[in-house]
Amino acid sequence: MADWSGLHEDFLLLLVPRLPSLDLRRFRAVCASWRAAAATFTSGHGRPRPDRPWLALPTDAADPDGRRFIICRDREVPVVTLPARLGRAHDRGFVPLGSSRGVMVAADDRGDMHLLDLVTGKRMPLPPVATLPLVDRVERTPAGLSVHHQRAGVSGVDGVDGLIHKAIPVPTPDGGVLVVVIYRQPHHRNQWATARSGDGAWKSVKPSSIPAVVDLALHRGQLYANTHYGMVYVYPELRGLGSASPEIIPSVTRRPTSYVERSFLVETPGGGGLMQVELLRPVLAAGGEGFVVRMLDECGETWEEEEDIGDVAVLVDASGAVAASTRDCPGLRPSTVYYAVDLDGETRVWAYSLAGKHKKIEVVESLPRAEGYKPPCFWYTPVYAH
């Protein structure tokens, strides 16, 4: 039997920088000498290679081995089967609401909300759904959590994902995480609420002059709010969001032959740039779908449409987008948008090439719907934490 603990330290230190973040976690668990090599690497401010973003498929299927998730990495995009339960002795179903920088926001079937790290299993409490603005009460039913609410003076009942458009974890200067929830309002007038782990209730943010907020992103310390109409509002800091007067980045002229179905903000790998990514559908249903990617200029004042985003891949789902470097993640295609969507009986991933005069779109994954699958699918980027 091989003595893995007897490998020379110099060899281990040559190996460690080549490992993606998830493999480095496994490397640390082999034995004491491997753990010491990983500690030497990270103590010298070494960073592992980023993992490719995972396509997560929540499922209620039985998990007899008690594993947190099952990952298949021998694909162009890694696919993760994620048990849609929290806890062991008294497990709860959960609904993913959004993720960023390795942290996911979820609500469970008791109405509690959580910050989750899928890799480490760490969980931090957030205020419950019942404390969100406009929510009257929550009720557990056999079909899941029912949220009773008042919107525009009209009573209604939705599932938690029917009320909440998206939840975004935003890192703060003090090393913490501020969670921003965008909740739906009639006529696209979505509103926000914010909270940190340990807060007792969600705090309403009512920027009444900003209609149709659909996405948020932190870039160079400033919070950017993207709207359904393409206009972007910029907040210079995270404090006082409700009373701040944001700057405005005007929208660009959109193509008259296309309808914008979804619009997202996403930082380039390393945080050097900010992109606005839009999924277009032709007004007349012909010619398929396409994406437009715009980059914010260095002055932060205008958007410039990009025909080629270089060594960057953008991965889009129904509610968000992430970006990855194709140099760090060589399995992904450069200057490509991957789009994951749930269809009848399957989950499909398309690759849309931005480069070249004639855009190319092809199916790269077609995954039959597994037993107990609970859509929607979503992209998750694991982040190494030692």
Side-chain angles (χ1 to χ4, degrees), residues 54-70 80-149 156-170 176-184 192-203 317-320 342 370-380 382:
W54 302 345
L55 179 62
L57 307 176
T59 176
D60 261 344
D63 182 23
D65 298 328
R67 291 173 287 186
R68 187 177 302 118
F69 50 76
I70 304 170
V80 174
T81 301
L82 178 69
R85 313 296 297 176
L86 290 172
R88 295 183 179 179
H90 305 287
D91 64 346
R92 314 178 187 185
F94 76 89
V95 178
L97 299 171
S99 69
S100 177
R101 294 175 169 87
V103 181
M104 184 178 75
V105 181
D108 67 31
D109 55 13
R110 300 182 188 180
D112 294 329
M113 295 183 67
H114 312 266
L115 275 173
L116 303 172
D117 186 322
L118 299 184
V119 176
T120 64
K122 184 178 180 180
R123 176 172 52 173
M124 294 182 290
L126 292 169
V129 174
T131 66
L132 281 165
L134 309 181
V135 174
D136 293 330
R137 61 188 174 89
V138 297
E139 180 182 8
R140 296 182 68 184
T141 70
L145 192 70
S146 292
V147 182
H148 297 254
H149 55 79
V157 182
D158 278 304
V160 65
D161 51 348
L163 173 67
I164 297 177
H165 169 71
K166 186 175 183 180
I168 305 102
V170 178
V177 177
L178 176 73
V179 177
V180 183
V181 165
I182 302 173
Y183 54 98
R184 294 183 174 94
W192 320 355
T194 64
R196 297 171 183 258
S197 177
D199 286 352
W202 291 92
K203 181 179 180 181
D317 56 41
S319 63
D342 293 303
E371 178 186 357
Y373 176 57
K374 299 185 68 175
C377 63
F378 63 96
W379 296 105
Y380 177 83

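Across A201 and A195, no two heavy atoms sit closer than the pair O-CB, 4.3 Å. Considering every non-hydrogen atom in both V160 and A107, the closest pair reads CG2-CB, 4.0 Å. For the pair H149 and V157, the tightest heavy-atom approach, listed with the atom from each and the gap, is NE2-N, 3.9 Å. Looking at every heavy atom in both residues, G200 comes nearest to P128 through O-CD, 4.1 Å.
Using a 4.5 Å heavy-atom cutoff, the side chains of V170 and S100 are not in contact.
Taken from OH in Y373 to OG1 in T59, the straight-line distance is 9.5 Å, to the nearest 0.5 Å. To the nearest 0.5 Å, the span separating CG on L55 from CG on L57 amounts to 5.0 Å. Here the CG atom belonging to D117 is positioned 11.0 Å from the OG atom belonging to S99, to the nearest 0.5 angstrom. Atoms CD1 and CG, on I168 and L97 in that order, are 10.0 Å from each other to the nearest 0.5 Å. Rounding to the nearest 0.5 angstrom, the gap separating the CG atom in D108 from the CZ atom in R123 is 8.0 Å. Rounded to the nearest 0.5 angstrom, S319 OG and I164 CD1 are separated by 12.0 Å.
Looking at D342, its side chain does come within 3.5 Å of a backbone N or O of C377 through a donor-acceptor pair. Side chain of S197 to main chain of L126: no donor-acceptor pair is present (N/O by atom type, distance under 3.5 Å, no hydrogens or angles). A donor-acceptor pair under 3.5 Å is absent between the side-chain atoms of Y380 and the main chain of V80, judged by distance alone.
The side-chain contact (heavy atoms from CB on, under 4.5 Å) test with M124 is passed by exactly one of V179, L116, L115: L115.
Under the side-chain contact (heavy atoms from CB on, under 4.5 Å) criterion, A193 pairs with L132, P133, Y183, W202, not counting sequence neighbours. R196 pairs by the side-chain contact (heavy atoms from CB on, under 4.5 Å) definition with T172, D174, L178, D199, not counting sequence neighbours. Listed by chain and number, the residues in a side-chain hydrogen bond (donor to acceptor under 3.5 Å, both in side chains) with D161 amount to none (sequence neighbours excluded).
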